[in-house]
Each structure stands twice: as structure tokens, then as C-alpha cells.
Amino acid sequence: MTDPLAVAQEIAGIAAEHGHTAELPEPGATLPLSIEVTGPPTVTVVLDGTGPGTGVRDASVTVETVRFTDLEPDEVVPFLRAVYDGTAYVRAVTKWWQFLLPLTPAGYWLVVPMPGGRAYKELVPRMILTPWLSARIGKGTPG
């Protein structure tokens with residue numbers, strides 16, 4: 001279990017390092033907590049638990065319009081570092097079968113590399129590419 005206010009403070013620290021501000025929850029706030037970081041990119045982190053008095057059990061992070069769910073609480077900080085340090089990138093859908101994903105127009109993947117060689121990847125439909133996402137097309141290494 002992770003202390004939600006400690007995670008929120010770490011998020012605020014990363015935001016400040018990169019010239020952004022984060023809206024922190026009030027002391028004593030209960031889960032779920034939502035922390036918004038000004039952009040670009042605009043980021044929203046939601047920390048959730050399973051009841052009063054428990055720590056953070058899971059988290060979701062929305063980068064611009066792309067939502068990553070079910071992050072482990074201790075992965076939120078490295079995830080945000082990857083986004084703000086510029087290692088996150090966007091790549092085009094390249095495999096023919098990826099165009100057949102249900103209810104999703106052909107588009108791009110937002111890839112956020114993590115320590116240890118892992119990466120989070122979510123589909124970004126072409127219609128919702130923001131200027132921040134567009135600027136990252138092809139910036140990373142395909143994986």
C-alpha cells in the first residue's frame with residue numbers, strides 16, 4: 001500500500017521540475033484522489049484504493065486524451081518522468097490487423113517506456129491527436 005498524499009507530493013515535484021503546476025488534494029482527502037497537472041501535456045492522475053484507511057491500490061493516468069489504466073502506484077512516478085523527460089513517443093499503427101480493432105479508427109499508439117524495458121501502450125485514434133501528441137510522432141524507438 002502506498003500513501004496517497006506522498007504520491008501526490010511526488011507528482012507535484014515532477015511537475016515543478018518541468019515548469020508545470022499540480023493541483024494537490026486537501027490534507028485528509030479520501031480516495032479516490034484526482035491530481036491535475038497543467039500542460040502541455042495535460043495530465044490527470046487518479047489514485048484509488050479499496051476503502052477507508054487503505055493506501056493507494058491502483059492508479060490511472062490520462063496524458064492529453066489518452067487514458068492508461070491499472071498502473072501500480074509505484075509506477076506512477078516513473079511513468080510521469082518518462083512523459084515529461086521526453087521518452088514517451090507516438091508511433092503509427094503499422095500492422096494490418098491493428099486497423100481492424102473494433103470501434104477504433106486507424107491511428108497511433110502512445111508508448112511510454114518504463115525502467116526495465118517495459119512500456120505502456122495505448123491506442124490514440126487519429127481524430128484526437130493533440131498538438132503535443134502530434135509533436136511526438138516517430139520520436140521514439142519502435143518496440
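When reading the values below, keep in mind they use all heavy atoms of this one structure, side chains included, and skip hydrogens, waters and symmetry mates. These numbers come from a predicted model, not from an experiment. Starting from 1, each residue takes its place in the sequence as its number.
Note: the hydrophobic cluster containing Leu24 does not contain Leu80 (ILVMFWY, side chain heavy atoms under 4.5 Å, direct or indirect links).
Listed here is the closest heavy atom pair of Pro73 and Asp58: CG-N, 4.1 Å. Here the closest heavy-atom approach between residue Glu10 and residue Val77 is recorded as OE1-CG2, 3.5 Å. For Tyr84 against Pro41, the heavy-atom pair with the smallest separation is OH-O, 3.5 Å. Closest approach of Ala88 to Pro113, counting heavy atoms only: CA-CD, 3.9 Å. Closest non-hydrogen pair, Val46 versus Ser34, comes out as CG2-OG, 4.2 Å. The two atoms that bring Pro78 and Pro115 nearest to each other are CB-CD, 4.0 Å, heavy atoms only.
Under the 3.5 Å distance criterion, the side-chain polar atoms of Glu64 are matched with a main-chain donor or acceptor of Thr42.
Counting only heavy atoms from C-beta outward, the side chains of Val61 and Val112 never approach each other to under 4.5 Å. Counting only heavy atoms from C-beta outward, the side chains of Asp85 and His18 approach each other to under 4.5 Å. Between Leu33 and Val7, every side-chain heavy-atom pair lies at or beyond the 4.5 Å cut-off. In this structure, the side chains of Tyr108 and Val66 stay at 4.5 Å or more apart for every pair of heavy atoms. Counting heavy atoms from C-beta on, the side chains of Tyr120 and Val111 never come closer than 4.5 Å. Counting only heavy atoms from C-beta outward, the side chains of Thr65 and Leu133 approach each other to under 4.5 Å.
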Problem set entry | CA sep, side-chain torsions, deciding dist, call: Thr62, Phe68, side-chain contact (heavy atoms from CB on, under 4.5 Å) | CA-CA 6 Å; Thr62 303; Phe68 293 83; over 6 Å; no
Exercise. After noting the C-alpha distance and the side-chain angles of Trp132 and Val83, does the key distance pass the side-chain contact (heavy atoms from CB on, under 4.5 Å) rule?
Worked result: CA-CA 11 Å; Trp132 185 86; Val83 168; 4.0 Å; yes
Exercise. Going through the distances and angles, do Val37 and Ile11 end up as a side-chain contact (heavy atoms from CB on, under 4.5 Å)?
Worked result: CA-CA 8 Å; Val37 181; Ile11 292 168; 3.9 Å; yes
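Distance check: Ile137 CD1 to Arg91 CZ gives 13.0 Å after rounding to the nearest 0.5 Å. For the atom pair His20 NE2 and Thr38 OG1, the distance stands at 6.0 Å (nearest 0.5 Å).
Judged as a side-chain hydrogen bond (donor to acceptor under 3.5 Å, both in side chains), and not counting sequence neighbours, the contacts of Ser60 are Arg67.
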